[in-house]
Q: 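Sending over a structure as structure tokens; questions will come in a sec.
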Amino acid sequence: MATVDELLDLIRELLRSQSLAVLATQNQGQPYANLMAFAAGEDLRHLVFATSRSTRKFANLLADPRVALVVDSRRNRPEDFSEAAAVTILGKAFELAGREREAYLALYLNKHPYLKDFVAQPGCALMKVTVESLILVTRFQEVHQIHLPL
């Protein structure tokens, strides 16, 4: 059985190695999912993504800040059923402003420098997710849930 520290290290590596997450929001009970570029801090307590304020996901977040993000290591091969790992991140997302925005923008652009023009647009919102829990699935059915803060 893995320790919490070992599980957190596995999650950190998964978040470092992957560029995209599936973001789930909802509006009046209707789920909505998007593929998003993201960046996570080493402490796993926050992550950040960018979106246009004119999107359905942004409207959903204004109505209800609760989110789920899924990041996984699958390669669409049969081995994925025994080798892939996936983490579901549950939390709340809010738009960043001021100095806090600048700090998280640096984290985001360090991982995604090719999105610099996108995040510089006036209509782009930089969103911070405050992580409440992490659900890691490995070996197809081995599930571990970690609540933050530890």
Q: Would a single hydrophobic cluster contain both Leu35 and Ile89, if residues Ile, Leu, Val, Met, Phe, Trp and Tyr are joined by side-chain heavy-atom contacts under 4.5 Å?
A: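 Result: no, two separate clusters.
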Q: Go through it in stages, so that I can follow the logic: the residues are Val48 and Leu105, the test is side-chain contact (heavy atoms from CB on, under 4.5 Å), and I'd like the CA-CA distance, side-chain angles, deciding distance and then a yes or no.
A: CA-CA 8 Å; Val48 63; Leu105 180 60; over 6 Å; no
Q: Where do Asn27 and Thr25 land on the side-chain contact (heavy atoms from CB on, under 4.5 Å) test, with the steps shown first?
A: CA-CA 7 Å; Asn27 188 358; Thr25 60; over 6 Å; no
Q: With a 4.0 Å cut-off on N to O distance, would you call Glu83 and Arg75 a salt bridge?
A: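 Salt bridge present between Glu83 and Arg75.
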Q: Indicate yes or no for a side-chain donor-acceptor contact from Thr88 to the backbone of Val70 under 3.5 Å, with no hydrogens or angles considered.
A: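 Looks like no, no N/O pair under 3.5 Å.
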Q: Nearest 0.5 Å, what's the CD1-OG distance between Ile146 and Ser133?
A: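 Those atoms lie 9.5 Å apart.
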Q: Between Thr130 and Lys92, is there a side-chain donor-acceptor contact under 3.5 Å, judged purely by atom types and distance?
A: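 Thr130 and Lys92 do not have a side-chain donor-acceptor pair below 3.5 Å.
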Q: When you group the ILVMFWY residues by side-chain heavy-atom contacts below 4.5 Å and let the links chain together, are Val87 and Leu148 in the same group?
A: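 The answer is yes; both residues are in one hydrophobic cluster.
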Q: Taking the basic N atoms (NZ, or NE/NH1/NH2) and the acidic carboxylate oxygens, is any pair closer than 4.0 Å for Glu13 and Arg16?
A: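 Between Arg16 and Glu13 there is a salt bridge, with a charged N closer than 4.0 Å to a carboxylate O.
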Q: One pair to check against side-chain contact (heavy atoms from CB on, under 4.5 Å): Arg101 and Glu95. What are the steps and the verdict?
A: CA-CA 8 Å; Arg101 184 184 193 282; Glu95 184 174 1; 5.8 Å; no
Q: Run Leu44 and Val131 through side-chain contact (heavy atoms from CB on, under 4.5 Å) and show every step you take.
A: CA-CA 7 Å; Leu44 302 176; Val131 178; over 6 Å; no
Q: What pairs with Glu6 under salt bridge (charged side-chain N to carboxylate O under 4.0 Å, His left out), at least two apart in sequence or on another chain?
A: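 Result, salt bridge (charged side-chain N to carboxylate O under 4.0 Å, His left out) vs Glu6: none returned.
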Q: If I compare all heavy atoms of Val119 with all of Ala50, which pair ends up nearest, and what's the gap?
A: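 Taking Val119 first and Ala50 second, the nearest heavy atoms are CG1-CB, 3.6 Å.
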Q: Which value, rounded to the nearest 0.5 Å, describes the distance between Phe49 atom CZ and Leu69 atom CG?
A: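 Phe49 atom CZ to Leu69 atom CG measures 6.5 Å (nearest 0.5 Å).
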Q: Should Phe118 and Leu96 be regarded as members of a common hydrophobic cluster, given that ILVMFWY residues are connected when their side-chain heavy atoms come within less than 4.5 Å of each other, either directly or indirectly?
A: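 In one cluster with Phe118: Leu96, yes.
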Q: Honestly, is Lys111 close enough over Phe38, meaning NZ or CZ under 6.0 Å from the six-membered ring centre and within 45° of the axis?
A: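 Verdict for Phe38: a cation-pi partner in Lys111.
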Q: Are there over 12 heavy-atom neighbours, none belonging to Gln28, within less than 6.0 Å of that residue's CD?
A: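 Result for CD/Gln28: open.
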Q: Does OH belonging to Tyr32 count more than 12 external heavy atoms closer than 6.0 Å?
A: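 Yes, the 6.0 Å shell around OH holds more than 12 heavy atoms from other groups.
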Q: Let me check something: do Leu109 and Met36 share a hydrophobic cluster, defined by ILVMFWY side-chain heavy atoms less than 4.5 Å apart, either directly or through other members?
A: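 Result: no, two separate clusters.
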Q: Between His112 and Tyr108, how do the two ring planes meet: parallel, tilted or perpendicular, split at 30° and 60°?
A: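 Plane angle between 30° and 60°, so tilted.
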Q: My understanding is that a hydrophobic cluster links ILVMFWY residues whose side chain heavy atoms are under 4.5 Å apart, including indirect links. Using that, what else belongs to the cluster containing Val137?
A: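 In the cluster with Val137 are Leu90, Ile135, Val143.
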Q: Determine whether Phe58 and Leu126 fall in the same hydrophobic cluster, where Ile, Leu, Val, Met, Phe, Trp and Tyr are linked whenever their side-chain heavy atoms lie under 4.5 Å apart.
A: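 No; tracing contacts between hydrophobic side chains, which count when under 4.5 Å, never links both residues.
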Q: Check for a donor-acceptor pair, side chain of Arg53 on one end and backbone N or O of Pro122 on the other, with a separation under 3.5 Å.
A: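 Yes: the side chain of Arg53 pairs with the backbone of Pro122.
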Q: Within this structure, what is the NZ-CZ distance for the pair Lys128 and Phe94, rounded to the nearest 0.5 Å?
A: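 With rounding to 0.5 Å, NZ (Lys128) is 9.5 Å from CZ (Phe94).
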Q: How far does CG of Asp5 sit from CZ of Arg12, to the nearest 0.5 angstrom?
A: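 One finds 7.5 Å between CG of Asp5 and CZ of Arg12.
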Q: What's the separation between atom CG in Leu23 and atom OG1 in Thr51, rounded to the nearest 0.5 Å?
A: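 If we round to the nearest 0.5 Å, Leu23:CG and Thr51:OG1 are 8.0 Å apart.
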Q: To the nearest 0.5 Å, what is the distance between CG (Leu134) and CG (Leu7)?
A: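 Reported value, rounded in 0.5 Å steps: 10.0 Å.
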Q: Where is the tightest heavy-atom contact between Leu107 and Gly41, given as atom of each residue plus distance?
A: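 Residues Leu107 and Gly41, closest heavy atoms: CD2-N, 3.9 Å.
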Q: So which atom in Leu14 and which in Val71 form the shortest heavy-atom distance, rounded to 0.1 Å?
A: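 Minimum heavy-atom contact is CD2-O, 3.6 Å.
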Q: Looking only at non-hydrogen atoms, find the nearest pair between Ala84 and Ser73 and report the distance.
A: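 Heavy-atom minimum between the residues: CA-OG, 3.5 Å.
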Q: When you compare the side chains of Asp64 and Gln26, does any donor N or O come within less than 3.5 Å of an acceptor on the partner?
A: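 Their side chains do contain a donor-acceptor pair, which is all the 3.5 Å distance test asks for.
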